[in-house]
Amino acid sequence: QVQLVESGGGLVQPGGSLRLSCVASGSIFSINSMGWYRQAPGNQRELVATIAYAGSTNYADSVKGRFTISRDNAKNTGYLQLNNLRPEDTAVYYCYARIILYGGTEWSDYWGQGTQVTVSS
């Protein structure tokens, strides 16, 4: 009953910026944590950033100081601001959310389909 839809990816030059969005829809009672992972060709999927319901955040060392994760609980939406992008940031970025549904008793994790970020001259 839940879908996560990412948007905002694209092609950008080194040093540029992008803003990714993740909109969760469905019979959502509450979203606990949200976050972003990324996967580059030939690499494993890696954690980029997470944000808890009240706003506490964690970042991978490789993106600290450059990326900012945020959320709008009223809109069931998460964001990732990517600044000072580097070629090594090129990857498919995936949104996830830990959600409990109306009438549910357990938290479950949901994933979006991903949005491509390409950093190249």
Side-chain angles (χ1 to χ4, degrees):
Q1 299 188 66
V2 172
Q3 289 187 327
L4 303 182
V5 180
E6 303 102 329
S7 62
L11 175 64
V12 65
Q13 292 185 330
S17 298
L18 288 172
R19 181 177 172 85
L20 308 184
S21 298
C22 173
V23 179
S25 61
S27 300
I28 299 170
F29 177 74
S30 183
I31 301 176
N32 186 342
S33 60
M34 301 186 73
W36 295 87
Y37 283 70
R38 67 186 182 186
Q39 187 167 21
N43 291 349
Q44 297 295 308
R45 188 173 298 189
E46 64 175 346
L47 177 67
V48 176
T50 62
I51 183 167
Y53 180 85
S56 61
T57 59
N58 292 99
Y59 296 92
D61 288 342
S62 59
V63 307
K64 286 181 179 177
R66 299 188 299 120
F67 293 5
T68 302
I69 189 170
S70 61
R71 62 189 290 173
D72 186 334
N73 292 335
K75 297 180 179 179
N76 286 335
T77 300
Y79 305 94
L80 185 69
Q81 179 69 41
L82 298 78
N83 294 329
N84 193 23
L85 283 161
R86 305 166 180 169
E88 54 263 41
D89 295 318
T90 296
V92 177
Y93 284 70
Y94 297 92
C95 174
Y96 81 86
R98 178 160 289 183
I99 294 170
I100 190 166
L101 304 179
Y102 282 108
T105 59
E106 302 289 339
W107 297 94
S108 297
D109 292 336
Y110 298 87
W111 292 84
Q113 295 300 304
T115 184
Q116 176 71 48
V117 171
T118 302
V119 185
S120 177
S121 299

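Sequence positions, counted from 1, serve as the residue numbers for this chain.
Taking the six-membered ring for Trp and thresholds of 30 and 60 degrees, Tyr93 and Phe67 have ring planes inclined between 30 and 60 degrees apart.
Side-chain contact between Tyr59 and Thr68: present, with at least one pair of heavy atoms (C-beta onward) separated by less than 4.5 Å.
The side-chain contact (heavy atoms from CB on, under 4.5 Å) search around Asn73 returns Tyr53, Arg71, not counting sequence neighbours. The side-chain contact (heavy atoms from CB on, under 4.5 Å) check on Ser70 picks up Tyr79, with sequence neighbours excluded. For Trp111, the ring-ring contact (aromatic ring centres under 6.0 Å, His included) criterion is met by Tyr37, Tyr96, not counting sequence neighbours. For Asn43, there are no side chain to side chain donor-acceptor pair (under 3.5 Å) partners, not counting sequence neighbours. Residues passing the salt bridge (charged side-chain N to carboxylate O under 4.0 Å, His left out) test with Arg86, sequence neighbours excluded: none. For Lys75, the side chain to side chain donor-acceptor pair (under 3.5 Å) test picks out no residue, with sequence neighbours left out. For Asn58, the side-chain contact (heavy atoms from CB on, under 4.5 Å) partners two or more places apart in sequence, or in a different chain, are Thr50. Residues meeting the side-chain contact (heavy atoms from CB on, under 4.5 Å) test with Glu46, sequence neighbours left out: Arg38.
In the hydrophobic cluster analysis, where Ile, Leu, Val, Met, Phe, Trp and Tyr join through side-chain heavy atoms closer than 4.5 angstrom, Phe29 is grouped apart from Ile99. Both Ile69 and Leu82 are assigned to one and the same hydrophobic cluster, defined by single-linkage of ILVMFWY side chains at heavy-atom distances under 4.5 Å. Cluster annotation: Met34 is not connected to Val92 through the hydrophobic network of ILVMFWY side chains, with a link wherever side-chain heavy atoms come within less than 4.5 Å.
Of all non-hydrogen atoms in Arg66 and Asn84, the two that sit nearest each other are NH1-O, 3.1 Å. The two residues Ile100 and Thr105 make their nearest non-hydrogen contact at CD1-C, 4.0 Å.
Listed by first then second residue, pairs satisfying ring pair (Phe, Tyr, Trp, His ring centres under 6.0 Å) with a partner in residues 4-26 number zero, not counting sequence neighbours. Within the structure, no pair that satisfies the salt bridge (charged side-chain N to carboxylate O under 4.0 Å, His left out) test touches residues 26-37, not counting sequence neighbours. Residue pairs meeting the side chain to side chain donor-acceptor pair (under 3.5 Å) criterion with at least one member in residues 23-36, sequence neighbours excluded, are Gln1-Ser27.
Counted within 6.0 Å of CD on Glu88, heavy atoms from surrounding residues, nucleotides or ligands total more than 12; the atom is thus considered enclosed.
Looking at Thr90, its side chain does come within 3.5 Å of a backbone N or O of Val119 through a donor-acceptor pair.
One finds the CZ atom of Arg98 at 12.5 Å from the CD1 atom of Ile31 (value rounded to the nearest 0.5 Å). Atom CG of residue Leu47 and atom OG of residue Ser62 lie 9.5 Å apart, to the nearest 0.5 angstrom.
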Could you give the side-chain donor-acceptor pairs of residues 3-23 under 3.5 Å, partners two or more places apart or in another chain?
from	atom 1	to	atom 2	distance (Å)
Glu6	OE1	Gln113	N	3.0
Glu6	OE1	Gly114	N	2.9
Glu6	OE2	Cys95	N	2.8
Glu6	OE2	Gly114	N	3.1
Ser17	OG	Asn83	OD1	2.9

